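Notes to accompany the following structure.
From a predicted model like this one, the values you see are computed outputs, not experimental measurements. For the numbers below, each heavy atom of this structure counts, side chains included, while hydrogens, waters and symmetry mates do not. Proteins get letters first, then strands, A, B, ... in listed order; numbering begins at 1 in each.
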Protein chains: 2
Amino acid sequence: MAGIKDIAKEAGVSISTVSYALNGSPKVTEETRSRILAIADRLGYVPNAAARMLKVKQTKIIGVFLADYGGYFYGPLLRGMRQALNEKGYELIACSGVQSHRLLLEKVIDGGIILDQAFTDEELLNYADKSYKIVVLDRELVHENIKGVLLDNITGARLAVRKLTEHKVNKLYAVTGPVGSYDSKKRMEGVREELQSFPNVELVEVQGDFLKDSGEEAARQIFANYREPIAIFCFNDEMAVGIYRYLQDKEYEIGKDVFLVGFDNIELAQYMVPRLSTISYSSYEWGSMAAHNLLKLLANEPAENEQVEVTITVGGSS
Amino acid sequence: MAGIKDIAKEAGVSISTVSYALNGSPKVTEETRSRILAIADRLGYVPNAAARMLKVKQTKIIGVFLADYGGYFYGPLLRGMRQALNEKGYELIACSGVQSHRLLLEKVIDGGIILDQAFTDEELLNYADKSYKIVVLDRELVHENIKGVLLDNITGARLAVRKLTEHKVNKLYAVTGPVGSYDSKKRMEGVREELQSFPNVELVEVQGDFLKDSGEEAARQIFANYREPIAIFCFNDEMAVGIYRYLQDKEYEIGKDVFLVGFDNIELAQYMVPRLSTISYSSYEWGSMAAHNLLKLLANEPAENEQVEVTITVGGSS
DNA sequence: CTGTTAGCGCCTTCAC
DNA sequence: GTGAAGGCGCTAACAG
């Protein structure tokens, strides 16, 4: 492993000259610089990140913390982040699980983007106090070192409810996410707000956990005492798929006996028959905004909390 | 940021004692150890990864390089890796894009798992020569520092062809992956092998790229001169979905006019109507095997190339 | 059992 | 423009 001193010896100069040359300092002749670069190249020199880190105190790596990978949802989200970061010479790595929190703590990464309930608010605020820079995608936190980029859940939920109430139904079921989920809480708020315009529609809350099985289970409960057309707002598409699954060998017809709207517009949504109506947004954009915000934080530029706009995509399910 | 010396001063001992205590060396009294730990804790001490890295020359982080995230495929794969790695005190990070290769080079990570054509064989062999430890999931490479964990593509392809040839068809279309894809190449080999038993079936190769659109495009070509029932083996499910999409407003019926088998058994496959027949395997297992193999490499234990078994999942599409 | 000390590889003031 | 020297935070001999 050729180091900076190897190439210094080879070039017959001192190591500082090499360092300057490598880092493009104007203190070295263009001529010696190119000679040094050539040698470095020939020796297959690669700077040691650990050593530089120790001195420079930044790694140019930022980490995104996810509860879980998988799901078409993450592709564009991460691509949006990576794109924005690479432009500024930063690298993106994806981390998961509580063990990986050490990467932030030990300064392996310069900043973190959080989309993972495994972090508690206290933990994050604690980091922020120690001047770690953080962008959160799944909660609202007030701290100068933390900025949020959040979905406009309220509008999304209102759009969904508005669509569902176009049909004459007396009951609207809301299949929620897990307790503690910020997105779920906000969506429920939106539902309540919008329903104020429909006082004759009864709201029934069914606890879910954003996973398909819970959607199926919710459907089981809901249809146990089905009497007349109903509306269901599933707080994400995945659970809506669970409802399709439950209904596939039942007599009820989606879009006729039951009206359904999901959230996220996952790829699967368009293949469901009938197509699932859902709340859409650009997760690429979301990722990009998150990254830009973090970059501002790192550069000590003023950063604001931001919101991701949503629209409704209407299919045959509603 | 409290450092090791701060806590040494606070405890009235030398920094080495602190270091020993922190690292659980038996050279320090249980009593002073706990006292030191208490102080470290009180001061909110967090070891600086960069400093230790520099000394210990390992980060206990391993990286997996993916062409792209997204797709349900990756969830279990990464979970399998992470599980295996965490058991041994290693962290997993997911990287993407050529820029991130530096993480391996600069020794930010102790080893790499490769599932990304963005690495050339030469590049990997070059790293291996410099004693970087690598596990590849998408190619065969012979080097003591590189081990492969590969799908049994040949068996998979043969199973698919065997299934498809149960019907009396005169033509078998193979929709391939991009040129250069190892998996695609091997699957084609399997197809050829199995077809030797069916000399009267004509093989037609259609170039794809593993993405849905190419499946749709392939279908367009294939059905341009449809005359009689045909068989299609799509080298992955995603392209098969493209074929479903193409056919959705056509007169041809999947499972009757055209028999279709995919590869990967992605989640979507089970929702297609009729259900897509496909070659299945456990990607969790795949990830786990890859991680274990890399751990062996890192521990300088003997490691072997391994193979992931596949089975066929039969749906109405064939 | 604890303290002293010498680096790990690189960057960066300082003199020259 | 170039070289010498110190130090980032931590580990691990080697003494005591």
Side-chain angles (χ1 to χ4, degrees), chain A residues 1-37 39-40 43-61 102-110 130-131, chain B residues 1-37 39-40 43-61 89 102-110 130-132:
Chain A
M1 290 294 88
I4 197 177
K5 72 176 57 158
D6 297 300
I7 111 161
K9 187 165 18 152
E10 183 81 5
V13 299
S14 87
I15 58 169
S16 65
T17 308
V18 175
S19 179
Y20 284 137
L22 259 29
N23 294 296
S25 155
K27 312 187 70 176
V28 78
T29 333
E30 186 50 53
E31 165 189 354
T32 56
R33 174 211 280 358
S34 56
R35 193 165 56 87
I36 287 176
L37 288 182
I39 295 179
L43 264 45
Y45 168 76
V46 162
N48 178 309
R52 193 196 358 234
M53 252 183 237
L54 194 54
K55 196 73 189 174
V56 180
K57 284 155 180 325
Q58 58 162 331
T59 63
K60 288 283 185 179
I61 303 172
R102 75 176 180 91
L103 298 178
L104 220 202
L105 265 173
E106 298 179 1
K107 298 189 181 305
V108 173
I109 59 181
D110 290 348
K130 296 177 179 166
S131 77
Chain B
M1 289 296 88
I4 196 176
K5 72 177 54 159
D6 297 301
I7 111 162
K9 186 162 22 153
E10 183 81 6
V13 298
S14 87
I15 60 168
S16 63
T17 306
V18 175
S19 177
Y20 285 134
L22 258 30
N23 293 298
S25 155
K27 310 184 70 175
V28 76
T29 332
E30 187 49 53
E31 165 188 355
T32 55
R33 173 210 279 0
S34 56
R35 192 164 58 86
I36 288 176
L37 288 181
I39 295 178
L43 264 45
Y45 168 77
V46 163
N48 179 310
R52 191 191 3 228
M53 255 182 236
L54 193 55
K55 195 73 187 171
V56 180
K57 283 156 182 325
Q58 58 161 334
T59 63
K60 288 284 185 178
I61 302 172
R102 75 176 180 91
L103 299 179
L104 220 202
L105 266 173
E106 298 180 1
K107 298 188 180 303
V108 173
I109 59 182
D110 290 348
K130 295 177 178 165
S131 78
Y132 292 93

*Would you give the length of the straight line joining atom CG of A/Leu37 to atom OG1 of A/Thr32, rounded to the nearest 0.5 angstrom?*
9.0 Å
*Specify the closest pair of heavy atoms between A/Arg35 and A/Ala11, including all atoms of both residues, with the distance to one decimal.*
NH1-O, 3.1 Å
*Kindly give the heavy-atom pair with the smallest separation between A/Ile4 and A/Tyr45, and that separation in Å.*
N-CE1, 3.7 Å
*Go through DNA chain D in 5' to 3' direction and return only the first and the last nucleotide with some atom under 4.0 Å of chain B's heavy atoms.*
D/dG9 to D/dC14
*Begin with the C-alpha distance, continue with both residues' side-chain angles, and end with the deciding distance and a verdict on side chain to side chain contact (heavy atoms under 4.5 Å, CB included) for A/Val13 and A/Ile36.*
CA-CA 9 Å; A/Val13 299; A/Ile36 287 176; 4.1 Å; yes
*asked:* Output the rounded distance in Å from CD (B/Glu30) to C1' (C/dT2).
replied: 16 Å
*What does the inter-axis angle of the helix from C/dC1-D/dG16 to C/dC16-D/dG1 come out as, five pairs per end, nearest 10 degrees?*
40°
*Check B/Val28 against B/Arg33 and note the closest heavy-atom contact, atom names and distance.*
CG1-NH1, 3.0 Å
*Treat primed atoms plus P, OP1 and OP2 as sugar-phosphate and everything else as base, then score nucleotides 6-13 of chain C 5' to 3': B for base contact with protein heavy atoms under 4.0 Å, S for sugar-phosphate contact only, - for none.*
-BBBSBBB
*Nearest heavy-atom pair of B/Ile39 and B/Glu10: which atoms, and what distance?*
CG2-CG, 3.4 Å
Solution key, residues 17-24 of chain A side-chain donor-acceptor pairs under 3.5 Å, sequence neighbours excluded:
unit_1  : atom_1 : unit_2  : atom_2 : d
A/Thr17 : OG1    : A/Ser14 : OG     : 3.4
A/Ser19 : OG     : A/Asn23 : ND2    : 3.3
A/Asn23 : ND2    : A/Ser19 : O      : 2.7

_If the condition is side-chain contact (heavy atoms from CB on, under 4.5 Å), which residues does B/Lys130 pass it with, not counting sequence neighbours?_
A/Met1, B/Asn126, B/Tyr132
*Value rounded to 0.5 Å, distance of CZ in B/Arg52 from CD in B/Gln58*: 9.5 Å
Identify all side-chain donor-acceptor contacts of residues 102-110 of chain A below 3.5 Å with residues at least two apart in sequence or on another chain.
unit_1   : atom_1 : unit_2   : atom_2 : d
A/Arg102 : NH1    : A/Glu106 : OE1    : 3.1
A/Arg102 : NH2    : B/Thr59  : O      : 3.2
A/Arg102 : NH2    : B/Lys60  : O      : 3.4
A/Asp110 : OD1    : A/Thr59  : N      : 2.8
A/Asp110 : OD1    : A/Thr59  : OG1    : 3.2
A/Asp110 : OD2    : A/Thr59  : N      : 3.2
A/Asp110 : OD2    : A/Lys60  : N      : 2.7

*Looking across every strand, which nucleic acid part, if any, lies under 4.0 Å from B/Ser25 by heavy atom: base, sugar-phosphate, or nothing?*
nothing
